[in-house]
Amino acid sequence: MFGGFFDKLKKGLTKTKDNFTEKITDMLSGAITIDDDLYEELEEILITADIGVETTLYIIEKLKEKIRENKIKDPNLVNNCLKEVIVDILGEENSTINPKETPEVMLVIGVNGVGKTTSIGKISAKLKNSGYKVLMAAADTFRAAAIDQLEVWSNRASVDIIKHQEGSDPAAVVFDAVQAAKARKTDVLICDTAGRLHNKKNLMDELGKINRVIDREFSEVHRETLLVLDATTGQNAVEQAKQFMEVCPIDGIILTKLDGTAKGGIVISIKHSLNIPVKLIGVGEGIEDLQEFNPREFVEALF
Ligand SMILES: Nc1nc2c(ncn2[C@@H]2O[C@H](COP(=O)(O)OP(=O)(O)OP(=O)(O)O)[C@@H](O)[C@H]2O)c(=O)[nH]1
Ligand SMILES: [Mg+2]
């Protein structure tokens with residue numbers, strides 16, 4: 001089981017590997033000494049792998065320190081030091097999808113198309129398989145298709161869903177879902193939200209309203225706000241996160257579409273520049289293609 005899991009991660013990261021670790025290995029194997037040119041080339045590779053300028057400079061600085069401390073002269077040993085620097089940034093703590101406390105309300109937010117609804121489907125299936133009682137709230141009422149899409153996932157994951165008509169008030173959907181969750185003794189209520197809001201004020205108003213309903217109607221509940229980011233958008237994802245952080249506190253990130261992108265280095269950038277944990281990663285479109293983020297495993301799969 002574990003082997004399959006790791007293989008999927010490795011397979012998902014193939015393009016990132018080609019774009020990042022392979023390039024570094026090639027560059028290092030051609031180098032004779034560890035000099036400024038080597039660091040410059042490394043810097044360029046890291047930046048093109050969407051690690052971001054700020055994080056790249058930090059990595060280079062830490063790498064230089066490590067190399068100096070360990071008196072390393074052989075370019076082929078740089079790779080291992082780099083790996084250690086990245087592990088230090090990502091930390092050792094493994095993420096879990098399981099609620100810290102029950103009942104929990106999980107708010108899933110993010111701009112349109114990043115993979116909110118899909119991730120909710122995958123999370124529901126995982127939690128349900130672990131024995132939790134899950135309920136979905138279709139609080140993206142912006143278009144009928146969004147509600148239908150969540151319903152398809154509710155059937156796939158065999159969990160219940162609370163929904164209203166297209167165009168209805170998202171906070172009213174959450175209100176009903178909270179009443180249902182209390183009555184049914186639900187462990188985790190997962191709310192889909194609209195990404196297609198016109199501006200930051202709309203977004204702020206809508207999330208504020210939803211949060212107030214939860215405060216008022218379910219004050220004892222543990223709340224988890226997860227921001228979904230699309231890995232294929234690279235550094236843009238970091239910018240999106242900064243915008244959302246101004247709107248509401250974020251407990252963790254779901255980074256989707258890591259499969260098929262060469263921009264997986266964004267994981268490092270997110271952790272370093274935002275200091276929000278990446279909790280879950282999406283490695284495909286299927287119901288099983290969501291993994292809890294394990295920094296050590298991630299780095300092993302990358303190198
Ligand atoms: N390859 C891949 N595709 C994914 C992943 N997660 C989501 N997708 C795809 O991304 C597309 C958008 O996903 P949705 O779940 O509809 O995104 P959303 O954020 O709910 O979008 P809106 O409701 O329009 O705001 C779909 O085609 C998904 O199948 C992933 O981890 N890997
Ligand atoms: Mg959606």
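Read the numbers this way: they start at 1 and go in the same order the structure lists the ligands and their atoms. Since the structure is predicted, the reported quantities are computational estimates derived from the model, not experimental observations.
Between T118 and E285, the side chains place no donor N or O within less than 3.5 Å of an acceptor N or O (distance only, hydrogens not considered). Remark: the D230 side chain and the T256 side chain contain no N/O donor-acceptor pair separated by less than 3.5 Å. No hydrogens or angles considered: nothing links the side chains of N19 and K15 as a donor-acceptor pair under 3.5 Å.
Shown here for L290 and K126, the closest heavy-atom pair between the two residues is O-NZ, 2.7 Å. For the pair G264 and F298, the tightest heavy-atom approach, listed with the atom from each and the gap, is O-CZ, 3.8 Å. Minimum heavy-atom separation, C248 to L207: SG-CD1, 4.2 Å. A pairwise comparison of heavy atoms in I287 and G121 identifies CG1-O, 4.4 Å as the closest pair. Considering every non-hydrogen atom in both P249 and T225, the closest pair reads O-CB, 3.6 Å.
In terms of protein heavy-atom proximity, atom 23 (O) of ligand 1 is closest to R143 NH2, 3.0 Å. The nearest protein atom to atom 26 (C) of ligand 1, hydrogens excluded, is given as E285 OE2, 4.1 Å; this is a heavy-atom distance. The shortest contact between atom 8 (N) of ligand 1 and any protein heavy atom is with K257 CE, 3.8 Å. The protein atom (non-hydrogen) at minimum distance from atom 24 (O) of ligand 1 is R196 NH2, 2.6 Å.
The N/O atoms of Q149, backbone and side chain alike, include one that comes under 3.5 Å of an N/O atom in ligand 1. Between G115 and ligand 1, at least one pair of N/O atoms sits closer than 3.5 Å. For ligand 1, the polar-atom distance check against D259 finds a nitrogen or oxygen pair separated by under 3.5 Å. Taking distance alone, with nitrogen or oxygen atoms compared against 3.5 Å, K116 approaches ligand 1 more closely than that limit.
Interatomic distance, K122 NZ to L127 CG, rounded to the nearest 0.5 Å: 14.0 Å. The CD1 atom of I51 lies 5.0 Å from the CD1 atom of I59; values are rounded to the nearest 0.5 Å. The CG atom of D50 sits 11.0 Å away from the CD1 atom of I268 when rounded to the nearest 0.5 Å. Here L189 contributes atom CG and R223 contributes atom CZ; the two are 11.0 Å apart, rounded to the nearest 0.5 Å. One distance of note links NZ of K64 with CD1 of I72; it measures 15.0 Å at 0.5 Å rounding.
Using a 4.0 Å heavy-atom cutoff, A146 is absent from the residues neighbouring ligand 1. The shell of residues lying under 4.0 angstrom from ligand 1, judged by heavy atoms, includes G284.
Of all the heavy atoms of K122, the ones lying under 4.0 Å from any atom of ligand 1 belong exclusively to the side chain. Counting heavy atoms under 4.0 Å from ligand 1, residue D289 does not touch it at all.
Taking only non-hydrogen atoms, the option from G113, A194, G195 nearest to atom 22 (P) of ligand 1 is G113. The residue from L255, L280, T193, T118 that puts a heavy atom closest to atom 13 (O) of ligand 1 is T118.
For the Mg ion (ligand 2), the nearby protein N/O/S atoms, meaning those under 2.8 Å, are T117 OG1.
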